[in-house]
There are 2 protein chains.
Amino acid sequence: MHDPNSFGCRAFTAVLQRIGDKWSLLIVSVLAEGPKRFNELRREIPSISQRMLTLTLRGLERDGLVSRTVTPSIPPRVDYELTELGQSLRKPVCALAEWAMANIDAIHTAQSRFDRANGEKV
Amino acid sequence: MHDPNSFGCRAFTAVLQRIGDKWSLLIVSVLAEGPKRFNELRREIPSISQRMLTLTLRGLERDGLVSRTVTPSIPPRVDYELTELGQSLRKPVCALAEWAMANIDAIHTAQSRFDRANGEKV
DNA sequence: TGACCTGGTCACACCGAGGTAACCGGAGAA
DNA sequence: TTCTCCGGTTACCTCGGTGTGACCAGGTCA
């Protein structure tokens, strides 16, 4: 009952709740290129709303994955940067991303087959 | 513009939308032990509702990660089993799960520090 | 006869993630 | 003077994922 899968899944689920959302990994991947300012991120991810960018960055900052540096100049300047923890996340994330890239076609194929088999009766 | 991060993130996001939900990975991890019947899964994951178990299994089946075998006996018997694709997903998932287990404390610590620093002003 | 097992489906309600848009404050530009 | 930029915050609304509970068919058991 206390097999590793179970424990792993709990921690994994907790982490997924955080980084598995719509934006976190996208932001992390952009930030992986180097530090960025708020509006720089916004320009690189045009589809994100200002609110969600703020919220997601706060969440990542809260988790210690991203650091936030405010320069009290005029106009104010805020830089976001991956922390070491954030950097270390890239490796396993890339592993999963590679799986995703390698298997996304198989998934789409399976979906098409499934939809063809089950969708026609509608 | 067409850097690997971007493409990886797209496929990754698509995969996350599927397996990043509340139940998929839990079911996959249980199914990793071997084939299970519907109510077996329900007993091993007491907190899941019948509806969500059905829906999640359908989704996993649609993606070709899980196979569904109906034995038309009385009472009917339905076995669920990981496909090869489902098995192959375990490796990168475990990598991420291991990261989660290794860093969940660091995350909690960062969260506490963040909450202590920002929560007091409320 | 009626309760219960099997594996589901359906209708309904809820809640929280996410989007939209307005507003802020201070400064420079037109 | 008014507009714009920067980095947000806030109120409001929508929408989809999730939970609840009823219901289904067919057979067995008490």
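Below, chain A is the first sequence line, B the second, and so on; all start at residue 1.
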In whole Å, what is the span from the [atom1] atom of [X] to the [atom2] atom of [N]?
X: A:R42; N: D:dT9; atom1: CZ; atom2: C1'; value: 13 Å
X: A:D21; N: D:dG16; atom1: CG; atom2: C1'; value: 16 Å
X: A:I27; N: C:dG18; atom1: CD1; atom2: P; value: 11 Å
X: A:K22; N: C:dG16; atom1: NZ; atom2: P; value: 19 Å
X: B:Q17; N: C:dA17; atom1: CD; atom2: C1'; value: 12 Å
X: A:E40; N: D:dG7; atom1: CD; atom2: P; value: 9 Å
X: A:L41; N: D:dC6; atom1: CG; atom2: P; value: 13 Å
X: B:L53; N: D:dG19; atom1: CG; atom2: C1'; value: 14 Å

Q: Would you please test B:T56 and B:L26 for side chain to side chain contact (heavy atoms under 4.5 Å, CB included) and show each step?
A: CA-CA 10 Å; B:T56 308; B:L26 199 51; over 6 Å; no

Q.
Taking atom CD as the centre, does B:E40 end up with more than 12 heavy-atom neighbours from other residues, nucleotides or ligands that are less than 6.0 angstrom away?
A. yes

Q. Heavy-atom count around A:Q87 CD within 6.0 Å, excluding the residue itself: above 12?
A. yes

State which of [options] makes the closest approach to the side chain of [X].
X: A:M52; options: C:dG18, C:dG7, D:dG19; result: C:dG18
X: B:P75; options: C:dT6, C:dG19, D:dT18; result: C:dT6
X: A:T54; options: D:dG8, C:dG19, C:dG7; result: D:dG8
X: B:R43; options: D:dT20, C:dT6, D:dG7; result: C:dT6
X: A:Q50; options: D:dG7, C:dT9, D:dT18; result: D:dG7
X: B:R51; options: D:dG19, D:dT10, D:dT9; result: D:dG19
X: A:Y80; options: D:dG7, C:dG19, D:dG8; result: D:dG8
X: B:R58; options: C:dT9, D:dC6, C:dG18; result: C:dT9

Q.
Which residue in the set B:L60, B:L55, B:I48 passes side chain to side chain contact (heavy atoms under 4.5 Å, CB included) when paired with B:W23?
A. B:I48

Q | Residues in contact with DNA chain C, drawn from residues 67-74 of chain A - heavy-atom cutoff 4.0 Å | A | A:I74

Q: Start with the C-alpha gap between B:T83 and B:V66, add the side-chain angles, then the distance that decides, and say whether side chain to side chain contact (heavy atoms under 4.5 Å, CB included) holds.
A: CA-CA 5 Å; B:T83 63; B:V66 160; 5.5 Å; no

Q: Find the distance between CD (B:E44) and CG (B:L31) and round it off to the nearest 0.5 Å.
A: 9.5 Å

Q) Closer to the 5' end of DNA chain C via nearest nucleotide, is it A:P76 or A:L55? A) A:L55

Q) In terms of the nearest nucleotide of DNA chain C, which residue is placed more toward the 5' end: B:N39 or A:S49? A) B:N39

Q) side chain to side chain contact (heavy atoms under 4.5 Å, CB included) between A:S112 and A:D115: does it pass, once the steps are laid out? A) CA-CA 5 Å; A:S112 306; A:D115 293 344; 5.8 Å; no

Q | For A:P92 against B:A95, the heavy-atom pair lying closest together | A | CB-O, 3.9 Å

Q | Pair assignment for DNA chain C - dot-bracket with | for other-strand partners, Watson-Crick or G-U under 3.5 Å | A | |||||.||||||||||||||||||.|||||

Q) By salt bridge (Lys or Arg N to Asp or Glu O under 4.0 Å), which residues pair with A:R18, not counting sequence neighbours? A) A:D21, A:D63

Q: Could you go through the side chain to side chain contact (heavy atoms under 4.5 Å, CB included) check for B:L16 and A:L25 one step at a time?
A: CA-CA 10 Å; B:L16 271 185; A:L25 282 170; 3.1 Å; yes

